[in-house]
Amino acid sequence: MRIATYNVNSIHARLPSLQRWLQETSPDVACLQELKTPSEKFPEAAIRELGYGVIWHGQKSYNGVAILSKGCEPTEIRRALPGDPEDLHSRYIEAVVRDVVIGCLYLPNGNPAPGEKFDYKLRWLERLRVHAAELIGSGNAVVLAGDYNVIPTGNDVYKPERWVDDALFRVETREAFGRIVEQGWVDAIRHLHPDATIYTFWDYFRNAYGRDAGLRIDHLLLNAPALRRLKAGGVNRDVRGWEKPSDHAPTWIELED
DNA sequence: ATGTCCCGCACGGCGGGA
């Protein structure tokens with residue numbers, strides 16, 4: 001069972017690339033972020049034509065998340081991260097696909113930091129910590145996949161010294177992410193490739209992809225039942241080199257059925 | 001500081017977000 005996460009940076013702008021990627025790699029589950037569309041304009045038919053069931057939670061202009069599952073419908077559990085009913089950003093959707101609980105998340109960027117946006121990011125990370133604690137021991141295999149907007153360590157960025165004041169790499173951000181991981185979650189890609197340089201994002205500026213000046217910010221966190229089934233994982237980095245790419249590349253893992 | 005892409009608004013670039 002292959003599970004992928006892909007920040008598309010607009011589902012409409014990215015539909016040709018998304019279709020090509022789904023056809024070429026055929027993931028069983030695809031978690032999408034940054035749809036940038038109201039729910040009613042989500043291209044449901046185009047997704048279903050490729051053989052995927054789908055649930056989504058859109059928002060005009062910003063954010064937006066979706067879970068696609070090949071050959072079946074995701075069974076929705078929730079479409080908001082608990083803990084703040086006044087937070088209306090579409091940043092979280094959760095479903096069961098076959099026997100795996102999938103949380104699809106788009107964590108706030110948080111820049112500029114410090115500031116209100118950074119405070120919101122840290123509150124969101126704390127809400128995720130509380131919810132992750134509920135999920136981890138639920139008895140199911142659980143995968144929390146998405147754009148975390150967190151660079152976990154200096155090995156996950158091309159020049160860490162340039163990012164120390166950025167909301168993606170500030171100490172507060174890494175510590176908040178660490179408090180989630182220490183519950184017993186495993187960062188699947190780093191677990192499989194402990195010493196490799198792996199990026200999932202290259203910004204559109206200054207030929208970042210051509211220079212391989214990237215960041216690793218798209219993660220799949222696994223609880224123990226999921227980790228026991230982990231076989232492989234990686235990044236479809238060539239997708240970042242396609243015409244009209246997202247600034248992120250799809251990141252995937254394979255679990256035993 | 002800059003760079004680029006995408007959105008809405010509303011048809012021409014501009015502001016906001018990343």
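Protein chains get the first letters and strands the later ones, always in sequence-line order, with residue 1 at the start of each.
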Could you please name the option among [options] that lies closest to any side-chain atom of [X]?
X        : options               : answer
A:Ala13  : B:dA18, B:dC7, B:dG8  : B:dC7
A:Ser61  : B:dT4, B:dC6, B:dG8   : B:dG8
A:Arg91  : B:dC9, B:dA18, B:dC6  : B:dA18
A:Phe205 : B:dA18, B:dG16, B:dG8 : B:dA18

Taking 4.0 angstrom as the limit, do [X] and [Y] come out as a salt bridge?
X        : Y        : result
A:Arg48  : A:Glu73  : yes
A:Arg170 : A:Glu172 : yes
A:Arg237 : A:Asp212 : yes

Separation of [X] atom [atom1] from [N] atom [atom2], in whole Å?
X        : N      : atom1 : atom2 : result
A:Lys244 : B:dC6  : NZ    : C1'   : 9 Å
A:Lys41  : B:dC6  : NZ    : P     : 17 Å
A:Leu15  : B:dC5  : CG    : P     : 19 Å
A:Tyr204 : B:dG17 : OH    : P     : 18 Å
A:Asn111 : B:dA18 : CG    : C1'   : 9 Å
A:Arg162 : B:dA1  : CZ    : P     : 14 Å
A:Arg14  : B:dA18 : CZ    : C1'   : 13 Å
A:Asp166 : B:dA18 : CG    : C1'   : 11 Å

Per nearest nucleotide of DNA chain B, the residue lying toward the 5' end, A:Ile11 or A:Arg206, is A:Arg206
5'-most by nearest nucleotide on DNA chain B - A:Asp247 or A:Lys60:
A:Lys60
Using the [atom1] atom in both, what is the distance from [N] to [M], to the nearest Å?
N      : M      : atom1 : result
B:dC11 : B:dC7  : C1'   : 15 Å
B:dG16 : B:dA10 : P     : 15 Å
B:dC14 : B:dA1  : P     : 22 Å
B:dG3  : B:dG15 : P     : 15 Å
B:dG12 : B:dG17 : P     : 26 Å

Between A:Thr173 and A:Lys121, does any side-chain donor sit less than 3.5 Å from a side-chain acceptor?
no
Is it true that A:Glu34 and A:Ser10 share a donor-acceptor pair across their side chains at a distance under 3.5 Å?
no
Kindly assign one of parallel, tilted or perpendicular to the pair A:Phe42 and A:Trp56, based on the angle between their ring planes and the thresholds 30° and 60°.
parallel
Using a 4.0 Å heavy-atom cut-off, does A:Tyr209 contact any base of the nucleic acid, only the sugar-phosphate backbone, or nothing at all?
nothing
Measuring to OP1 and OP2 of B:dC5, would you say a side-chain N or O of A:Lys36 lies under 4.0 angstrom away?
no
